[in-house]
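Structure record follows, encoded as structure tokens.
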Amino acid sequence: NPRSLDSAYLIYGTLRAGDFSIPVYNLLVILAAIAIAGGLGLFLQRTNCGRLLRATAENRAMAEALGVDVRRIYSTVFTLGAVLGTTAGALVVPTAAASLDMAIEFVIEAFAVVVIGGLGSMRGALVGALIVGLIRALSIVFFPELEVLAIYLIVIGVLIFRPVGLFGRSFA
């Protein structure tokens with residue numbers, strides 16, 4: 001059975017500006033997401049481990065031939081993914097009911113973000129996430145019944161006109 005915290009996230013209050021209001025917790029989640037994305041970007045660009053990780057993702061055989069312990073890199077990536085997933089779950093659960101199948105919606109959104117942004121592009125992931133978030137928000141306001149369909153229409157459009165995504169590159 002789904003478990004809910006019954007609006008416990010509202011304990012932080014709500015910011016109001018005219019007819020517009022937003023819970024402070026949502027702003028904290030947005031700031032946390034920006035900080036995590038920035039930290040992850042810096043980690044991938046500025047550290048030796050991040051460079052090895054990117055090299056392994058680009059060409060596993062070449063990285064292995066150059067002496068990179070690919071199994072250790074894969075373990076690191078899996079661990080980092082588990083930490084990020086756990087953090088995301090901890091940030092989302094106060095605003096939604098927790099259930100065993102709650103990840104399905106997030107996986108579908110993540111798929112849309114990757115298709116729109118382009119596989120292997122951090123900038124593309126950021127732009128794809130912004131597009132998906134804005135399209136969802138706008139469709140909820142103007143056409144609530146088309147919320148899920150709106151995201152798929154954007155994905156279909158990107159696949160038709162730019163199959164590698166907005167910031168992806170062709171590997172052929």
Side-chain angles (χ1 to χ4, degrees), residues 20 22-23 25-47 49-63 70 73-74 76-93 95-172:
F20 180 74
I22 185 167
Y25 183 80
N26 290 3
L27 294 175
L28 293 174
V29 169
I30 291 169
L31 290 175
I34 291 169
I36 290 169
L40 184 61
L42 288 174
F43 169 75
L44 290 173
Q45 293 293 324
R46 308 281 179 175
T47 66
C49 184
R51 288 183 183 101
L52 292 175
L53 193 147
R54 288 184 293 122
T56 303
E58 187 71 32
N59 191 337
R60 175 189 176 179
M62 181 61 74
V70 173
I73 294 294
Y74 281 177
T76 302
V77 169
F78 179 82
T79 303
L80 184 61
V83 167
L84 290 172
T86 303
T87 303
L91 291 172
V92 167
V93 164
T95 63
S99 65
L100 294 175
D101 62 347
M102 71 185 286
I104 294 170
E105 179 183 343
F106 300 121
V107 168
I108 291 170
E109 285 184 16
F111 174 74
V113 164
V114 169
V115 168
I116 292 169
L119 189 62
S121 170
M122 286 290 285
R123 186 174 14 154
L126 178 62
V127 170
L130 287 172
I131 290 172
V132 167
L134 290 173
I135 292 298
R136 281 195 68 197
L138 290 172
S139 63
I140 287 171
V141 170
F142 296 112
F143 304 105
E145 61 277 356
L146 299 178
E147 174 197 353
V148 176
L149 181 62
I151 295 170
Y152 289 121
L153 291 175
I154 300 294
V155 168
I156 290 168
V158 167
L159 287 174
I160 289 172
F161 296 109
R162 181 118 168 101
V164 295
L166 298 178
F167 293 92
R169 58 176 191 225
S170 180
F171 291 102

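The figures here come from the full heavy-atom set of this structure, side chains too, leaving out hydrogens, waters and symmetry mates.
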Where is the tightest heavy-atom contact between [X] and [Y], given as atom of each residue plus distance?
X: Leu80; Y: Phe43; answer: CD2-CE2, 4.4 Å
X: Leu44; Y: Leu53; answer: CD2-CD2, 3.7 Å
X: Ala112; Y: Val132; answer: CB-CG2, 4.2 Å
X: Leu91; Y: Ala32; answer: CD1-CB, 4.2 Å
X: Arg46; Y: Arg51; answer: O-NH1, 3.5 Å

Next on the checklist: Assess the residue pair Leu166 and Ile116 against the criterion (side-chain contact (heavy atoms from CB on, under 4.5 Å)); give the C-alpha distance rounded to whole Å, side-chain angles, the decisive distance to 0.1 Å, and a yes or no.
Outcome noted: CA-CA 6 Å; Leu166 298 178; Ile116 292 169; 3.9 Å; yes
Checklist entry - How far apart are the C-alpha atoms of Thr76 and Leu52, what are their side-chain angles, what is the distance that settles it, and do they pass the side-chain contact (heavy atoms from CB on, under 4.5 Å) test? => result CA-CA 11 Å; Thr76 302; Leu52 292 175; over 6 Å; no
Item to check | Note, Phe143 side chain near Leu149 side chain (heavy atom, < 4.5 Å) | outcome: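 No, every pair of side-chain atoms sits at 4.5 Å or beyond.
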Next on the checklist: Is any side-chain heavy atom of Leu84 closer than 4.5 Å to one of Leu40?
Outcome noted: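 When only atoms from C-beta onward are counted, Leu84 and Leu40 do touch, with a gap below 4.5 Å.
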Looking at [atom1] of [X] and [atom2] of [Y], how far apart are the two atoms once the value is rounded to the nearest 0.5 Å?
X: Thr56; Y: Ile73; atom1: OG1; atom2: CD1; answer: 5.0 Å
X: Ile151; Y: Ile156; atom1: CD1; atom2: CD1; answer: 12.0 Å
X: Ile154; Y: Leu159; atom1: CD1; atom2: CG; answer: 11.5 Å
X: Leu146; Y: Ile140; atom1: CG; atom2: CD1; answer: 12.0 Å
X: Ile22; Y: Leu27; atom1: CD1; atom2: CG; answer: 4.5 Å
X: Leu130; Y: Ile135; atom1: CG; atom2: CD1; answer: 11.5 Å

Checklist entry - How would you list, by chain and number, every residue that makes a side-chain contact (heavy atoms from CB on, under 4.5 Å) with Phe167, sequence neighbours excluded? => result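 By the side-chain contact (heavy atoms from CB on, under 4.5 Å) rule, Phe167 matches Ser121, Arg123, Val127.
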Next on the checklist: Which residues pass the side-chain contact (heavy atoms from CB on, under 4.5 Å) test with Ile34, not counting sequence neighbours?
Outcome noted: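 For Ile34, the residues satisfying side-chain contact (heavy atoms from CB on, under 4.5 Å) (neighbours in sequence not counted) are Ile30.
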Next on the checklist: Would Phe111 and Val114 count as a side-chain contact (heavy atoms from CB on, under 4.5 Å) here? Give the steps.
Outcome noted: CA-CA 5 Å; Phe111 174 74; Val114 169; 5.8 Å; no
Item to check | side-chain hydrogen bond (donor to acceptor under 3.5 Å, both in side chains) contacts touching residues 144-162 (sequence neighbours left out) | outcome: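 Passing the test, one end in residues 144-162: Arg136-Glu147.
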Item to check | Heavy-atom donor-acceptor pair, Arg60 side chain to Val70 backbone, under 3.5 Å | outcome: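 Side chain of Arg60 to backbone of Val70, a donor-acceptor pair under 3.5 Å: no, none is there.
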